[in-house]
Amino acid sequence: SKAEERIANWLTSRGIKFKYEKPLRLGKVTLHPDFYLTEFGVYVEYWGLADSDPDYNQNHRAKLALYHKHGIPVISLYPKHLRGNLDSIFPQLFQEVTGEDFPVA
């Protein structure tokens, strides 16, 4: 998607290495999170249709519950985050999830 491309470009421009849709096995379920930040062990999900599609929203909640159950750190990005500048929100979300400051390239 255009939004995922924007996120990928933003990460790349800051020197953050990632894998796109790296499979993640959690119990009997295999997920394909949008991004895996290889240096930090953190996943990033872009929830592009959250709150606009009931089926998607149910899947969204189920995936977040799986991440939580298995102790997987995940940064959730929503369309509202992309309406602004990722520079202002991503470091804050990173810190909330990891407890660490976002590295400045």
Side-chain angles (χ1 to χ4, degrees):
S1 75
K2 290 281 186 200
E4 289 173 352
E5 182 179 358
R6 181 174 169 205
I7 295 164
N9 289 339
W10 186 87
L11 291 168
T12 299
S13 72
R14 275 135 194 92
I16 304 298
K17 295 178 182 147
F18 63 88
K19 296 208 181 287
Y20 182 70
E21 294 190 349
K22 178 183 183 280
L24 173 63
R25 185 105 175 128
L26 298 176
K28 297 179 181 180
V29 178
T30 299
L31 303 178
H32 294 86
D34 296 319
F35 302 95
Y36 175 66
L37 308 184
T38 58
E39 296 174 51
F40 307 104
V42 175
Y43 292 86
V44 178
E45 285 277 17
Y46 175 66
W47 308 103
L49 299 176
D51 299 328
S52 64
D53 177 331
D55 292 333
Y56 181 91
N57 207 27
Q58 184 176 2
N59 183 45
H60 162 245
R61 286 192 308 270
K63 277 179 91 173
L64 283 176
L66 268 175
Y67 287 131
H68 182 72
K69 176 182 175 184
H70 292 275
I72 303 296
V74 61
I75 296 169
S76 290
L77 293 174
Y78 297 90
K80 68 180 181 180
H81 295 132
L82 296 189
R83 285 194 279 276
N85 185 340
L86 282 172
D87 286 328
S88 62
I89 191 64
F90 197 91
Q92 175 186 339
L93 295 172
F94 182 90
Q95 200 278 330
E96 288 172 9
V97 168
T98 67
E100 300 174 15
D101 289 333
F102 186 69
V104 178

Report all side-chain donor-acceptor pairs from residues 86-94 shorter than 3.5 Å, counting only partners two or more places apart or in another chain.
residue, atom, partner, partner atom, Å
Asp87, OD1, Trp10, NE1, 3.0
Asp87, OD1, Arg14, NE, 3.0
Asp87, OD1, Arg14, NH2, 2.7
Asp87, OD2, Arg14, NH2, 3.1
Ser88, OG, Asn85, O, 2.7
Gln92, NE2, Glu96, OE2, 3.1

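Taken to the nearest 0.5 Å, the CZ atom of Phe40 stands 4.5 Å off from the CD1 atom of Ile16. The structure places CD1 of Ile7 at 5.0 Å from CG of Leu77, a figure rounded to the nearest 0.5 Å. Rounding to the nearest 0.5 Å gives a distance of 10.5 Å between NZ of Lys19 and NZ of Lys17.
Between Gly48 and Pro79, the closest heavy-atom pair is O-CG, 3.4 Å. The heavy-atom pair separating Ser76 from His81 by the smallest distance is O-CE1, 3.7 Å. Taking every heavy atom of both residues into account, Tyr56 and Ala50 meet most closely at CE2-N, 3.1 Å. In terms of heavy atoms, Val42 sits closest to Thr98 at CG2-CG2, 3.5 Å.
Residues passing the salt bridge (Lys or Arg N to Asp or Glu O under 4.0 Å) test with Asp55: none are found, sequence neighbours excluded. With sequence neighbours left out, the side-chain hydrogen bond (donor to acceptor under 3.5 Å, both in side chains) criterion links Arg25 to Thr30. By the side-chain contact (heavy atoms from CB on, under 4.5 Å) test, Lys80 is found to be paired with Tyr78, Arg83, residues two or more places apart in sequence or in another chain being considered. Residues meeting the side-chain contact (heavy atoms from CB on, under 4.5 Å) test with Gln95, sequence neighbours left out: Asp101.
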| task | Mind running ring-ring contact (aromatic ring centres under 6.0 Å, His included) on Tyr20 and Phe35 for me, showing each step along the way? | result | CA-CA 5 Å; Tyr20 182 70; Phe35 302 95; 5.6 Å; yes
| message | Using the rule given for side-chain contact (heavy atoms from CB on, under 4.5 Å), can you reason through Leu82 versus Tyr46, listing the C-alpha separation, both sets of side-chain angles and the distance that settles it, and then say yes or no? | response | CA-CA 10 Å; Leu82 296 189; Tyr46 175 66; 3.5 Å; yes
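For residues 32-49, the set of pairs meeting the salt bridge (charged side-chain N to carboxylate O under 4.0 Å, His left out) definition, not counting sequence neighbours, comprises Glu45-Lys63.
Heavy atoms from other residues, nucleotides or ligands lying under 6.0 Å from NE2 of His32 number more than 12.
No continuous path of hydrophobic side-chain contacts links Ile75 to Trp47 [ILVMFWY only; heavy atoms under 4.5 Å].
Checking each of Leu37, Val74, Val97 against Val44 for a side chain to side chain contact (heavy atoms under 4.5 Å, CB included) leaves exactly one that passes, namely Leu37.
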